[in-house]
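A short worksheet on the structure shown next.
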2 protein chains.
Amino acid sequence: MPTQNKPSLPVIKRLPKYYRYLGEMEKEGVTKVSSSELARVMGTTASQVRQDFNCFGGFGQQGIGYNVKLLHEELGKLIFARHPVPTILIGAGNLGHAMANYFRQDTQGFELLAAFDVKPEMIGLTLCGVAIRDMAELESYCAEHKPKVAVICVPREAAKQVAQKLIDLGIRAFWNFSHYDFSIEYPDIIVENVHLGDSLATLSYEVNNNL
Amino acid sequence: MPTQNKPSLPVIKRLPKYYRYLGEMEKEGVTKVSSSELARVMGTTASQVRQDFNCFGGFGQQGIGYNVKLLHEELGKLIFARHPVPTILIGAGNLGHAMANYFRQDTQGFELLAAFDVKPEMIGLTLCGVAIRDMAELESYCAEHKPKVAVICVPREAAKQVAQKLIDLGIRAFWNFSHYDFSIEYPDIIVENVHLGDSLATLSYEVNNNL
DNA sequence: TAGATTGTTAATCGATTAACAATC
DNA sequence: TAGATTGTTAATCGATTAACAATC
């Protein structure tokens, strides 16, 4: 069993992409793949591919390459929990709707239990099969259902307060679409940020300076 | 005038965040800020803040700090074009809807001109004030209106073909929500990727291994 | 066995952090 | 002037790439 360096964040961020390509290959009936073939589709080097996998204990066979099915399975085990992680959505506006829909098609690893909003006219409606509840119910709901992950789709003004509340209620992991930065005030919390505004601004910079 | 090292990608990705915080400070009436104060809110070091700004030619005053209004303005000029960049949306499904809405509130730098879809039942409808057109019209539309940026909200199966078409029609910059990787086949194209599936999978990894 | 390709160590590269002279 | 804080160079750190021995 080879060395297992704790994987760094860049390595972890590449895992889903490997997983995706391996899934495609498996579907196409490809049974084995070399680090250099994987590197080409990933847009990286064979060296990096091997380094990456060796963080988790080397799934390959010297002289042969990697077994596509096995590697895909192993990465799947690393990435996804055995049971779907109970998840709630905070903020049922436009973005919240899109994300709820996203969960419906691509639920692997997560199960959306409920949505919450403050707007009275939304409460009681359903969103992709889950009820939209009053934020006032959040505490009792969490006490009963113990969600582990929250998707934050509230405007920035509300985000700080919502975050504080959820953390107090025991939620430790967030898929965060708001512009509030959890990481600075709560370093122990798991947060995956999707900052659409920053992404668009980055594109604007590139267009402005390189087109 | 100080040295202007060409900014690296990590620097560029931090610009919108600086811009955001400086905007907030300006609104609050703060007139000056030091690199260490900025570092604290950004979650980084004073050294990095100064290095970052010096890529663009040092906006500060030794012994004093940075003028909030001026720095905010200068970053704005770097990030956003003088005139909004004409933009089209490809794919008017759930995600497309959310993104069109996003453009309505946060248009700074971009102007959404039109949306395109293949589904006959969607064509002719409007989406946040822009018409949804038939993909068949894409070529003539681009010839007439010369959009510069396309937002890609189509499923992965369609993405490769759509990308090829848009690149042939002269579009050079993409805000890409599909799982197709432009960068490998078209290295000269400007692409800002938002891979929601990968982001969610990364969160799943973290939850699975650190919670 | 010879060829291929991994696992792993070493070298390089780039980004971040530290230090300090310049100067307001 | 003294204190503060930048701009910039130097040191460190970490990630990527190269090299090569191990081995299928």
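Every chain is numbered from 1, with letters handed out A, B, ... down the list of sequences.
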Query raised in the report: Should the pair B/H72 and B/Y19 be assigned to parallel (<30°), tilted (30 to 60°) or perpendicular (>60°) ring geometry?
Result: parallel
Query raised in the report: Which of parallel (below 30°), tilted (30 to 60°) and perpendicular (above 60°) describes B/F177 and B/W175?
Result: perpendicular
Find the distance [X]:[atom1] to [N]:[atom2] and express it as a whole number of Å.
| X | N | atom1 | atom2 | result |
| --- | --- | --- | --- | --- |
| B/N54 | C/dA15 | CG | C1' | 15 Å |
| B/L9 | C/dA15 | CG | P | 9 Å |
| A/R40 | C/dT5 | CZ | P | 12 Å |
| A/K6 | D/dG14 | NZ | C1' | 14 Å |
| B/Q48 | D/dT6 | CD | C1' | 16 Å |
| B/M42 | C/dT16 | CE | C1' | 14 Å |
| B/F56 | D/dT6 | CZ | P | 17 Å |
| B/N67 | D/dT6 | CG | P | 13 Å |

Report summary line: Contacts of A/Y205 meeting ring pair (Phe, Tyr, Trp, His ring centres under 6.0 Å) (sequence neighbours excluded), chain-then-number -> none
Is the shortest distance from a Lys or Arg side-chain nitrogen in [X] or [Y] to a carboxylate oxygen in the other one below 4.0 Å?
| X | Y | answer |
| --- | --- | --- |
| B/R172 | A/E206 | no |
| A/D198 | B/K13 | no |
| A/E74 | A/K77 | yes |

Query raised in the report: What distance separates B/F103 CZ from B/L113 CG, expressed to the nearest 0.5 Å?
Result: 10.0 Å
Query raised in the report: Under 4.0 Å between a side-chain N or O of A/T45 and OP1 or OP2 of D/dT17?
Result: yes
**Report entry** Phosphate OP1/OP2 of D/dG7: any B/Y66 side-chain N/O under 4.0 Å
**Finding:** yes
Report summary line: When every non-hydrogen atom of A/I171 is compared with those of A/I189, the smallest separation belongs to O-CD1, 4.3 Å
Query raised in the report: Tell me, which of residues 10-29 of chain A have any heavy atom that sits under 4.0 Å from an atom in DNA chain D?
Result: A/P10, A/R14
Report summary line: Closest of C/dT8, D/dA10, C/dT6 to the A/S35 side chain is C/dT6
Report summary line: Against the side chain of A/Q51, the closest entry in C/dT6, D/dT17, C/dG7 is D/dT17
Query raised in the report: Counting only heavy atoms not in A/K32, do more than 12 fall under 6.0 Å of its NZ?
Result: yes
Query - Pairing string, 5' to 3', for DNA chain C - Watson-Crick or wobble contacts under 3.5 Å, brackets [ ] where pairs cross, | to another strand - result: ..||||||||||||||||||||||
**Report entry** Set of side-chain hydrogen bond (donor to acceptor under 3.5 Å, both in side chains) partners for A/Y141, sequence neighbours left out
**Finding:** none
**Report entry** Heavy-atom protein contacts under 4.0 Å, nucleotides 19-24 of chain D, coded B base, S sugar-phosphate only, - none
**Finding:** BB-BBB
Query raised in the report: Can we call the ring centroids of A/Y18 and A/F53 under 6.0 Å apart?
Result: yes
Report task. Scan for side-chain hydrogen bond (donor to acceptor under 3.5 Å, both in side chains) pairs involving residues 79-97 of chain A, sequence neighbours excluded, and state none if there are none. Result -> A/N94-B/N101
